[in-house]
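Order of the sequence lines sets the chain letters (A, B, ...), proteins ahead of strands, with each chain counted from 1.
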There are 2 protein chains.
Amino acid sequence: MSERTQQIIEAARTLIEEGGSQSLTMRAVADRLGIRAPSLYKHFPDKLAVEAGVIAIAMDEVAVALATASSLSELATAYRAYAIEHPHIYRLMNSGPLPRHLLPAGVEDRAALPLVRAAGGDENVARAIWAFAHGMVILELDGRFPPGADLDAAWRTGLAAFGDPVQH
Amino acid sequence: MSERTQQIIEAARTLIEEGGSQSLTMRAVADRLGIRAPSLYKHFPDKLAVEAGVIAIAMDEVAVALATASSLSELATAYRAYAIEHPHIYRLMNSGPLPRHLLPAGVEDRAALPLVRAAGGDENVARAIWAFAHGMVILELDGRFPPGADLDAAWRTGLAAFGDPVQH
DNA sequence: GTCTATAGGACGATAGAC
DNA sequence: GTCTATCGTCCTATAGAC
């Protein structure tokens, strides 16, 4: 992967962090690098490929962020923390259609692995917990809970239901 | 509410059902009614107001669809069924920023009421179950579960965790 | 690998006549 | 309440020179 290629993905990532997926345009990426938009097409076939590059990086980051969690509640805390620190990236990575064919093999699985382990290898439990965690995060990011709602309490309630020993 | 106003919302709704939110354009709405786009602005101040009209209708529909459920698993079944029958409308209603100031008072609460009741009035339980259900639905709609995943089983696992008596 | 020029299109919204 | 005309803006992507 050439240096320019990496710079392009970096610039794309920064744009998304700052203004959401909608701020990712080929012109804006080029501006950030001090070149013209058409030049980008010497490095990437199209915009979707750039986006996929950002998603791949983000999934690796999540895998790392979750790797050291040693309990379900630590996992949940780390998951939520990543989402709140990088709301636009989280959305890009976890909403809408995923361009799987443009992603390096195994990236998606690596991000999911810590959760599968925490679920004791039970796929159904892992999927149910994933749904709960993603639901909590995305509803929070989208401002869907009532103002003043105690989300920590909702998280604890859900995690307890899934067998996490409650912390005091 | 004038007839034209209702026709506009109906047309907008149909466009979204057919092609997602992205297919909702003032031009397309006008085309469907056999008029020109600028005429719409005599009935709605802007596009967001049209969108809000569709959301309000959809929330009422959900309230009705969930009203007759008499157990948590019936509620979940009805919730998932609505989402799968109207995936684009579900997304419009439950993703991204909600234009609350353009929605009739109480609509959001009415849609949420059946779930709050099923949770025995416990806000934290209601929010956790909502997050789980929304997570399951949106991950399914977005094709995020592995192909062949047994989603019925994941639903049962989650609902059981939240205290639903398992059905056989 | 960069550039200029441009194709080719979409969109929301306004002005002003009727 | 509808129309025509149009403004202003933004976008992805290609062709071809250097």
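The salt bridge (Lys or Arg N to Asp or Glu O under 4.0 Å) search around B:D142 returns B:R91, not counting sequence neighbours. Among residues two or more places apart in sequence or in another chain, the side-chain hydrogen bond (donor to acceptor under 3.5 Å, both in side chains) test is passed with A:S2 by A:T5.
A straight line from CG of A:L40 to C1' of C:dC3 spans 13 Å, rounded to a whole angstrom. Distance B:F44 CZ to C:dT14 C1': 19 Å, rounded to the nearest Å. Taking atom CG of residue A:L15 and atom C1' of nucleotide D:dC11, one finds them 15 Å apart after rounding to whole Å. Taking atom CG of residue A:D31 and atom P of nucleotide C:dC3, one finds them 11 Å apart after rounding to whole Å. The interatomic distance linking B:Q22 (CD) with D:dC10 (C1') rounds to 15 Å, in whole Å. Look at CD1 on B:I8: it is 14 Å from P on C:dG12, rounded to the nearest Å.
Sorted by first and then second residue, the salt bridge (charged side-chain N to carboxylate O under 4.0 Å, His left out) pairs involving residues 95-106 of chain A (not counting sequence neighbours) are A:R100-A:E108. Residue pairs meeting the side chain to side chain donor-acceptor pair (under 3.5 Å) criterion with at least one member in residues 143-153 of chain B, sequence neighbours excluded, are B:R80-B:D152. Here side chain to side chain donor-acceptor pair (under 3.5 Å) pairs that include residues 115-126 of chain A, with residues two or more places apart or in two chains, number zero. Applying the side chain to side chain donor-acceptor pair (under 3.5 Å) test to every pair with at least one member in residues 55-66 of chain B, sequence neighbours left out, gives these pairs: B:R13-B:E61, B:D60-B:R110, B:E61-B:Y82.
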Below 3.5 Å is the cut-off: list the nitrogen or oxygen pairs between protein and nucleotides 12-15 of chain D, distance only.
{"unit_1": "D:dT12", "atom_1": "OP1", "unit_2": "A:M26", "atom_2": "N", "d": "3.3"}
{"unit_1": "D:dT12", "atom_1": "OP2", "unit_2": "A:M26", "atom_2": "N", "d": "3.2"}
{"unit_1": "D:dT12", "atom_1": "O4", "unit_2": "A:R27", "atom_2": "NH2", "d": "3.3"}
{"unit_1": "D:dA13", "atom_1": "OP2", "unit_2": "A:Y41", "atom_2": "OH", "d": "3.0"}
{"unit_1": "D:dA13", "atom_1": "OP2", "unit_2": "A:K47", "atom_2": "N", "d": "3.1"}

Scan nucleotides 16-18 of chain D against the protein and return all N/O pairs shorter than 3.5 Å with their distances rounded to 0.1 Å.
none

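Checked against the 6.0 Å centroid threshold, A:Y90 and A:H134 count as a close aromatic pair. In summary, the aromatic rings of A:F162 and B:F162 are positioned with their centroids under 6.0 Å apart.
A:L102 belongs to a hydrophobic cluster with A:L48, counting contacts under 4.5 Å between side-chain heavy atoms of Ile, Leu, Val, Met, Phe, Trp and Tyr, direct or through other members.
B:R36 has no side-chain polar atom (N or O) that falls below the 4.0 Å cut-off from OP1 or OP2 of D:dG1. Look at B:S39 and you'll find a side-chain N or O under 4.0 angstrom from OP1 or OP2 of D:dC3.
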